[in-house]
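Single-structure report; data block below.
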Amino acid sequence: MLTGKRTGLRAIEQQDLKQLLEWRNQPEYRRYFREYRELNMESQRRWFESMVMNDEHTRMFSIAELDSGQLIGACGLCCIDWQDRCADFSIYIGKDGLYADEDYAVDAGNLLIDYGFGELNLHRLWAEIYEIDEKKKQMFGKLGFVHEAVHVSAHWTEGRWVDSWYYRLLKDEAGR
């Protein structure tokens, strides 16, 4: 387990899937995810088998609260490009509607950054969020990510088009 001040990152286990599915299907979270459809347990199991267990371009983790060991969220590096040493940075806290809070999410995010730059020797992390995702905007700022691009009217949600915002963090910028 990778450990921070408040959180730990551990392998996703099959027993985590039900709780992760419940969080992913909450409409207030799903509006921020690329996968906009409600998922079922079969699709969750397929994701676990194909992406978590068998995809060399994905490193996913369960986020656990250190004090209790309780599952509180998930994070990972996806679409890892080993040639260009970059990856898509993904994170959320499901517990108590926290989503992208300043305590758990920032702590777990720093662990994931350290893992990506240190363990995997990546050069660049990037993330796509939607302009309506104020909590993630704040979280990425606290993690040191730089807002670098906007794709206008790229995502349909809640009856309207919203922009996709792209963030980046380079290893040199992170001081790691």
Side-chain angles (χ1 to χ4, degrees), residues 1-14 16-17 19-20 23-24 29 32-35 44 47-66 69-95 98-130 133-151 154-155 164-176:
M1 179 186 289
L2 305 172
T3 57
K5 295 176 182 157
R6 303 192 72 178
T7 62
L9 305 186
R10 62 171 176 76
I12 294 177
E13 303 289 342
Q14 284 210 1
D16 297 335
L17 296 182
Q19 180 61 73
L20 294 175
W23 288 331
R24 291 280 307 180
Y29 284 0
Y32 302 127
F33 297 149
R34 286 185 197 120
E35 178 58 67
Q44 187 78 342
W47 166 80
F48 178 73
E49 288 299 322
S50 67
M51 301 300 289
V52 176
M53 299 301 293
N54 293 305
D55 186 348
E56 68 182 46
H57 303 283
T58 302
R59 299 292 186 275
M60 294 298 299
F61 297 94
S62 286
I63 303 171
E65 184 177 41
L66 279 185
Q70 175 188 18
L71 174 69
I72 62 169
C75 65
L77 300 172
C78 307
C79 306
I80 299 171
D81 179 333
W82 295 109
Q83 174 67 34
D84 292 328
R85 296 179 22 227
C86 63
D88 179 6
F89 182 96
S90 174
I91 187 167
Y92 73 92
I93 302 296
K95 175 188 171 183
L98 294 173
Y99 180 59
D101 72 315
E102 293 184 22
D103 294 320
Y104 293 114
V106 170
D107 189 57
N110 277 313
L111 288 173
L112 190 59
I113 291 167
D114 289 344
Y115 174 77
F117 290 147
E119 184 72 23
L120 300 182
N121 194 29
L122 297 175
H123 166 71
R124 183 180 198 276
L125 301 177
W126 62 273
E128 174 192 15
I129 66 169
Y130 304 122
D133 197 341
E134 296 299 327
K135 286 187 173 185
K136 283 262 178 89
K137 289 177 190 177
Q138 293 174 16
M139 183 199 71
F140 280 121
K142 292 195 180 308
L143 291 172
F145 279 75
V146 175
H147 178 240
E148 72 173 3
V150 174
H151 288 196
H155 179 68
S164 286
W165 286 29
Y166 286 84
Y167 288 81
R168 69 135 202 288
L169 183 62
L170 301 179
K171 186 175 187 176
D172 294 344
E173 293 173 336
R176 292 174 159 111

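Worth saying up front: this structure is predicted, and the values here are computed from it rather than measured. Along the sequence shown, the residues carry numbers beginning at 1.
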* Flag the pair V52 / T58 as yes when at least one side-chain heavy-atom distance between them is below 4.5 Å, and no otherwise. => no
* Can you name the nearest heavy-atom pair linking L169 to I113, along with the distance? -> CD2-CD1, 3.7 Å
* Asked: For the side chain of D16 and the backbone of E13, is there at least one donor-acceptor N/O pair under 3.5 Å apart?
  -> yes
* Validation row: W126, D88 side chains within 4.5 angstrom (heavy atoms) -> yes
* Taking all non-hydrogen atoms of both residues, which atom of L98 and which atom of K135 are closest, and how far apart? -> O-NZ, 3.6 Å
* Asked: Between Y92 and Y32, is the ring centre distance below 6.0 Å?
  -> no
* Structure fact -> Closest non-hydrogen contact found for W47 with I12 is CH2-CD1, 3.7 Å
* Can M51 and M60 be said to form a side-chain contact (heavy atoms from CB on, under 4.5 Å), step by step? -> CA-CA 8 Å; M51 301 300 289; M60 294 298 299; 5.8 Å; no
* Asked: Taking the inter-plane angle between the rings of F140 and Y167 on a 0 to 90° scale, is it parallel (under 30°), tilted (30 to 60°) or perpendicular (over 60°)?
  -> parallel
* Please name the pair of heavy atoms, one in Y130 and one in K137, separated by the smallest distance, quoted to 0.1 Å. => O-CE, 4.5 Å
* **Side chain proximity check, L20 to F48, heavy atoms < 4.5 angstrom** => no
* Please assess Y115 against L77 for the test side-chain contact (heavy atoms from CB on, under 4.5 Å), listing each intermediate value before the final yes or no. => CA-CA 9 Å; Y115 174 77; L77 300 172; 4.1 Å; yes
* Test item: W23 side-chain N/O and A74 main-chain N/O as donor-acceptor pair under 3.5 Å -> no
* 4.5 Å side-chain heavy-atom contact, F145 and M139 -> no
* Asked: If you take all heavy atoms of I93 and Y104, which pair is closest and at what distance?
  -> CD1-CB, 3.9 Å
* Are side-chain heavy atoms of Y29 and R24 found at a separation under 4.5 Å? -> no
* Structure fact -> Here the gap from F61 atom CZ to L112 atom CG, rounded to the nearest 0.5 Å, amounts to 6.5 Å
* Can you see which heavy atom on C75 is nearest to which on I91, and at what distance? => CB-CG1, 3.7 Å
* Asked: Can R6 and D107 be said to form a salt bridge (charged side-chain N to carboxylate O under 4.0 Å, His left out), step by step?
  -> CA-CA 7 Å; R6 303 192 72 178; D107 189 57; over 6 Å; no
* Asked: Which is it for Q14 and Q44 under the side-chain contact (heavy atoms from CB on, under 4.5 Å) test, yes or no, and what are the steps along the way?
  -> CA-CA 10 Å; Q14 284 210 1; Q44 187 78 342; over 6 Å; no
* Pairing of R34 and E128 as salt bridge, 4.0 angstrom limit -> yes
* Asked: Mind checking whether I80 and R59 have side chains closer than 4.5 Å, heavy atoms only?
  -> yes
* Just how far is it from atom OG1 of T7 to atom CE of M1, taken to the nearest 0.5 Å? -> 9.0 Å
* Which is it for W165 and D133 under the side-chain contact (heavy atoms from CB on, under 4.5 Å) test, yes or no, and what are the steps along the way? -> CA-CA 10 Å; W165 286 29; D133 197 341; over 6 Å; no
* Does the side chain of V106 reach to within under 4.5 Å of the side chain of D101, using non-hydrogen atoms? -> no
* Asked: Is there a side-chain contact between K171 and L122 (heavy atoms, below 4.5 Å)?
  -> no
